[in-house]
Amino acid sequence: MRTTITAVAKYLPERVLTNSDLEKMVNTSDEWILSRTGISERHIVSDGEATSDMCTRVAEQILEKRGISSKELDVIIVGTVTPDMLLPSTAALIQNQISATNAWGFDLSAACSGFLFALESGSKLVESGKYQKVLVMGADTMSSIIDYEDRETCILFGDGAGGVLLEPSSNDSGILDSLLYTDGGGGNFLKMPAGGSQHPASHDTVNKRLHYITQEGREVFRSAIRGMADATSELLKLNKLRIEDIRLFIPHQANKRIIDSCTERLGLTPEQVMINIEHCANTTGGTIPIALAEAVETNRISTGDYVVLAAFGAGYTWGSILIRWDNCT
Ligand code: ACO
């Protein structure tokens with residue numbers, strides 16, 4: 001049995017934080033941000049809006065598009081590193097908000113690879129034959145863990161959510177193959193040090209600004225290019241596909257220069273690559289499902305096309321997933 005994607009949707013908060021807004025907050029410029037990252041603006045949640053709220057908007061759209069009731073959902077998986085709270089899970093909060101009374105669910109922590117790891121997990125649940133409708137989402141409220149006094153990180157991130165409905169495939173299309181990796185040796189290059197069991201929240205951790213993301217930008221930059229490009233070329237080789245067979249490559253949107261380098265390494269043409277970082281920035285778990293939803297909205301993929309998703313993020317975590325696109329709303 002194979003798993004396929006039957007519906008896709010995204011949600012971006014209304015509020016927009018532009019590069020010129022950031023110029024007033026830190027020592028930066030629109031020109032620097034745009035030329036070094038490809039980002040012009042990012043969406044930011046409104047007061048009180050959290051990851052589960054964004055996911056609920058995505059889930060509602062997916063149910064409506066597919067014309068099914070929330071009672072038909074079997075499982076809800078959320079790839080996120082910014083859950084509403086440590087417990088209960090964001091999946092449980094969404095399950096309650098949409099009254100998916102027959103679904104169980106869980107959050108999955110793999111940073112920018114969260115959606116890919118969740119997609120793999122959800123697709124194997126469907127392939128087991130036990131579950132027919134699995135809702136997989138990737139979402140992050142990055143503004144909740146960003147230091148808006150640190151110009152090296154605050155310019156990169158935004159908030160957003162996206163998701164897909166997974167069901168058994170009735171033909172040859174669907175999720176064909178995957179290559180996923182973790183290397184905890186990369187842990188120190190990108191992390192949020194406090195708030196967990198190692199450094200529980202205290203006055204000291206707050207004073208030392210340990211509840212924000214810190215990173216070695218250049219190291220992450222190099223590893224992201226290598227990770228996404230190598231995983232993708234290996235996956236294509238394993239499936240005996242040539243680069244020209246790919247209709248659309250949808251990479252994690254961290255930095256346009258990372259995407260351009262991957263494109264060049266793989267020998268893709270610009271028409272084969274989905275880029276929406278300019279108006280979304282890096283929404284961590286959200287980037288790939290948001291880009292996928294926008295690719296469908298703009299008719300960049302059709303039934304039968306080969307689509308490759310690729311991600312790289314904290315952990316390190318990374319990988320690539322190959323899909324033959326099916327009928328999808
Ligand atoms: N505005 C103006 N100047 C800045 C800014 C800013 N916002 N940020 C850094 N600079 C300065 C630096 O201080 C440095 O100044 P110096 O030369 O006087 O020391 C100069 O710009 C160049 O800094 P670099 O670090 O070399 O700049 P680089 O071109 O590498 O870009 C960036 C930095 C954007 C962080 C890049 O390394 C990057 O995108 N790395 C990947 C990080 C990432 O994506 N993290 C997200 C999570 S992981 C993931 O999603 C894959």
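Indexing begins at 1, ligand by ligand and atom by atom, following the structure's order.
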Of all protein heavy atoms, the one nearest atom 44 (O) of ligand 1 is A254 CB, 3.5 Å

Could you tell me the residue and atom name of the protein heavy atom closest to atom 42 (C) of ligand 1, and the distance to it rounded to 0.1 Å? Q215 OE1, 3.3 Å

protein heavy-atom neighbour closest to atom 51 (C) of ligand 1 works out as F312 O, 3.3 Å

Ligand 1 versus N282: contacting region, heavy-atom distance under 4.0 Å: side chain

So for L190, does at least one of its heavy atoms come nearer than 4.0 angstrom to any atom of ligand 1? yes

Hey, is ligand 1 close enough to R36 that some N/O pair sits below 3.5 Å? yes

Determine, step by step, whether L125 and I77 satisfy the side-chain contact (heavy atoms from CB on, under 4.5 Å) criterion, reporting the C-alpha distance in whole Å, the side-chain angles of both residues, the deciding distance to 0.1 Å, and the verdict. CA-CA 11 Å; L125 290 176; I77 310 175; 4.2 Å; yes

Can any side-chain N or O of Q61 pair as donor or acceptor with the backbone N or O of K10 at less than 3.5 Å? yes

Single-linkage hydrophobic cluster, 4.5 Å side-chain cutoff, I44 and M54 together: no

Ligand 1 and G217, any nitrogen or oxygen pair closer than 3.5 angstrom? yes

Applying a 4.0 Å heavy-atom criterion (strictly less than), which segment of T28 is in contact with ligand 1: side chain, backbone, both, or neither? both

Per-atom contacts of ligand 1 with C112, taking only distances under 4.0 Å to non-hydrogen atoms: 49 (C), 50 (O)

Which distance, rounded to the nearest 0.5 Å, do you find between the CG of D21 and the CD of E41? 9.5 Å

Does some non-hydrogen atom of G313 fall short of 4.0 Å from ligand 1? no

Tested for side chain to side chain contact (heavy atoms under 4.5 Å, CB included) against T82, the lone hit among I146, D140, T283 is D140

Can a salt bridge be assigned to the pair R209 and D147 using a cut-off of 4.0 Å between side-chain N and carboxylate O? yes

Parallel, tilted or perpendicular: which one describes the rings of F189 and Y316, with boundaries at 30° and 60°? parallel

Counting only nitrogen or oxygen atoms and a 3.5 angstrom limit, does T37 reach ligand 1? no

Atom 12 (C) of ligand 1: nearest protein contact (heavy atom, Å): R151 NH2, 3.8 Å

To the nearest 0.1 Å, how far is atom 21 (O) of ligand 1 from its closest protein heavy atom, and which atom is that? W32 CZ2, 3.4 Å

Considering heavy atoms of the protein only, find what lies nearest to atom 23 (O) of ligand 1 and give residue, atom and distance to 0.1 Å. R218 NH2, 4.1 Å

Going hydrophobic residue to hydrophobic residue with side-chain gaps under 4.5 angstrom, can you get from L156 over to I33? yes

Lys/Arg N to Asp/Glu carboxylate O, D245 vs R242, below 4.0 Å: yes

